[in-house]
Amino acid sequence: MSTPDTQQERFVSFGEQGAQLTYGSYLRLPVLLDAQHLESDPPAHDELLFITIHQVYELWFKQLLHEVVAARDAMSGGELWWAQHLLARVHVIERVLVQQVDVLETMTPQDFLQFRQRLAPASGFQSVQFRELEFLSGAKDPAYLQRFKGLTAEEQDRLQARLDEPTLWDAFVEVLRAHDLPAGDDEEIAASVRTTAHDRNRYAAVWALAEALLQHDELAASWRARHVVMVERMIGSKSGTGGSSGSAYLRGRLPLQYYPVLWDVRSRL
Ligand code: HEM
């Protein structure tokens with residue numbers, strides 16, 4: 001014998017109880033799932049994977065920008081717990097970004113060659129969100145605005161705005177000052193970070209933020225290191241579709257540090 005409840009369930013279609021919203025409409029799936037258009041003709045089997053993985057990266061970059069902006073603003077506003085909470089999320093997403101390279105490496109170099117020539121001059125180098133993240137983190141380099149070809153006016157404006165606005169590092173320096181720690185120049189900042197390192201009871205939240213920033217820096221470096229090795233596996237020493245020297249350019253970017261002061265403090269503890 002079925003109860004009235006289960007009897008009712010039999011006739012109700014889930015998701016149709018009055019509301020207009022559906023899974024697909026909420027997530028805009030018709031648009032999202034219609035955004036994978038292959039350039040190869042006849043279609044190369046692996047091109048869908050190549051497009052999908054780049055789109056997934058861009059979605060995560062969007063989320064990271066959302067979190068990094070909020071973490072920066074939380075630091076400036078003195079909400080240190082919230083800043084730390086958001087940076088912890090940033091780290092987890094960044095680990096996913098590093099691991100995701102494994103998926104792309106299931107493609108062989110010869111299968112990539114089936115559609116690679118169709119991609120030039122497009123390249124990850126032109127990822128505006130990637131560069132926004134670098135600028136926002138602290139590595140501002142206006143030269144990229146000139147080196148980017150084919151940016152829309154809206155993309156130019158976005159990058160320029162990131163160059164003009166405070167970075168995560170600027171917000172951290174504000175946090176030091178708010179704790180009456182001197183932060184006039186790099187020497188003073190380094191000394192203040194050392195103070196927080198040696199008196200963690202008093203400066204627990206500040207030291208934790210310094211560590212969270214360093215973690216963010218380290219994970220960005222991990223991504224660059226993982227990406228260049230994958231690139232060498234795919235194209236060896238060939239030049240990039242974006243027009244750079246390829247792996248030589250990418251290897252030149254490995255030493256980048258967002259927070260050199262925090263790394264330097266390690267040698268002076
Ligand atoms: C077969 C796979 C891939 C190859 C062969 C490749 C190759 C390259 C090369 C050669 C460059 C240097 C710029 C150029 O001349 O094009 C570059 C830059 C870049 N790629 Fe990739 N890439 C691949 C996949 C990816 C994926 C999945 C992403 C994810 C978003 C990505 C993001 C980037 C970014 C952000 C840069 C700029 C790095 C910087 O300026 O430091 N790439 N890639």
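This chain uses plain numbering: 1 for the first residue, then up along the sequence. Keep in mind the model is a prediction, meaning the values are calculated, not measured. Counting starts at 1 for both ligands and their atoms, following the listed order.
- Of the protein's heavy atoms, His227 NE2, 3.0 Å lies nearest to atom 20 (N) of ligand 1.
- Ring geometry for His85 against Trp82 counts as parallel: the plane angle stays under 30°, on a 0 to 90° scale with 60° as the upper cut.
- Under the side-chain hydrogen bond (donor to acceptor under 3.5 Å, both in side chains) rule, Arg89 has a single partner from His66, Glu67, Glu94, which is Glu67.
- In the candidate list Leu254, Leu104, Ile235, Leu104 is nearest to atom 2 (C) of ligand 1, counting heavy atoms.
- Under the 4.0 Å criterion applied to side-chain N and carboxylate O atoms, Arg253 and Glu134 are assigned as salt-bridge partners.
- No donor-acceptor distance shorter than 3.5 angstrom exists from the side chain of Ser127 to the backbone of Gly124, with no hydrogens or angles considered.
- Ligand 1 does not have Glu134 within reach: every non-hydrogen atom of the residue lies 4.0 Å or more from it.
- Heavy-atom distances between Trp60 and ligand 1 stay at or above 4.0 Å for every pair.
- Side-chain atoms of Gln100 never come within 3.5 Å of backbone atoms of Val56 as a donor-acceptor pair (strictly under, hydrogens ignored).
- Side chain of Arg224 to backbone of Leu256: a donor-acceptor contact under 3.5 angstrom is found.
- At a 3.5 angstrom cut-off on N or O pairs, Ser123 counts as close to ligand 1.
- Of the polar atoms of Tyr249, at least one N or O is found under 3.5 Å from an N or O of ligand 1, judged by distance alone.
- Taking the six-membered ring for Trp and thresholds of 30 and 60 degrees, Tyr144 and Phe125 have ring planes inclined between 30 and 60 degrees apart.
- Counting the atoms of ligand 1 from 1 in the order shown, those under 4.0 Å from a heavy atom of Phe50 are 1 (C), 2 (C).
- The shortest contact between atom 4 (C) of ligand 1 and any protein heavy atom is with Val231 CG2, 3.9 Å.
- When each atom of ligand 1 is checked for a heavy atom of Gly242 under 4.0 Å away, the hits are 14 (C), 15 (O), 16 (O).
- Ranking the protein heavy atoms by distance from atom 10 (C) of ligand 1 puts Gly240 CA, 3.5 Å first.
- Protein heavy atom at the shortest distance from atom 12 (C) of ligand 1 is Ser244 OG, 3.4 Å.
- Closest to atom 23 (C) of ligand 1 by heavy atom, among Met230, Arg147, Met234, is Met230.
- Between Tyr203 and His179, the two ring planes are perpendicular [angle over 60°; tilted spans 30° to 60°].
- Near Gly246, the atoms of ligand 1 lying under 4.0 angstrom from a non-hydrogen atom of the residue are 10 (C).
- Nearest protein neighbour of atom 5 (C) of ligand 1, counting heavy atoms only, is Phe112 CE2, 3.7 Å.
- Heavy-atom separations between Arg131 and ligand 1 include at least one value shorter than 4.0 Å.
- Near Met107, with a cut-off below 4.0 Å to any heavy atom, the atoms of ligand 1 are 1 (C).
- A donor-acceptor contact shorter than 3.5 Å links the side chain of Arg266 to the backbone of Leu262.
- Between His227 and Trp223, the ring-plane angle classifies as parallel under the 30° and 60° cut-offs.
- The closest protein non-hydrogen atom to atom 32 (C) of ligand 1 is Trp223 CH2, 3.6 Å.
- Residues Glu211 and Gln215 bring no donor and acceptor atom of their side chains to less than 3.5 Å of each other.
- Looking only at protein heavy atoms, the nearest one to atom 9 (C) of ligand 1 is Leu250 CD1, 3.8 Å.
- Inter-residue side-chain proximity for Tyr258 and Trp263 is flagged as unmet; no heavy-atom pair is nearer than 4.5 Å.
- At a 3.5 angstrom cut-off on N or O pairs, Arg253 counts as close to ligand 1.
- Closest to atom 25 (C) of ligand 1 among all protein heavy atoms lies His54 NE2, 3.3 Å.
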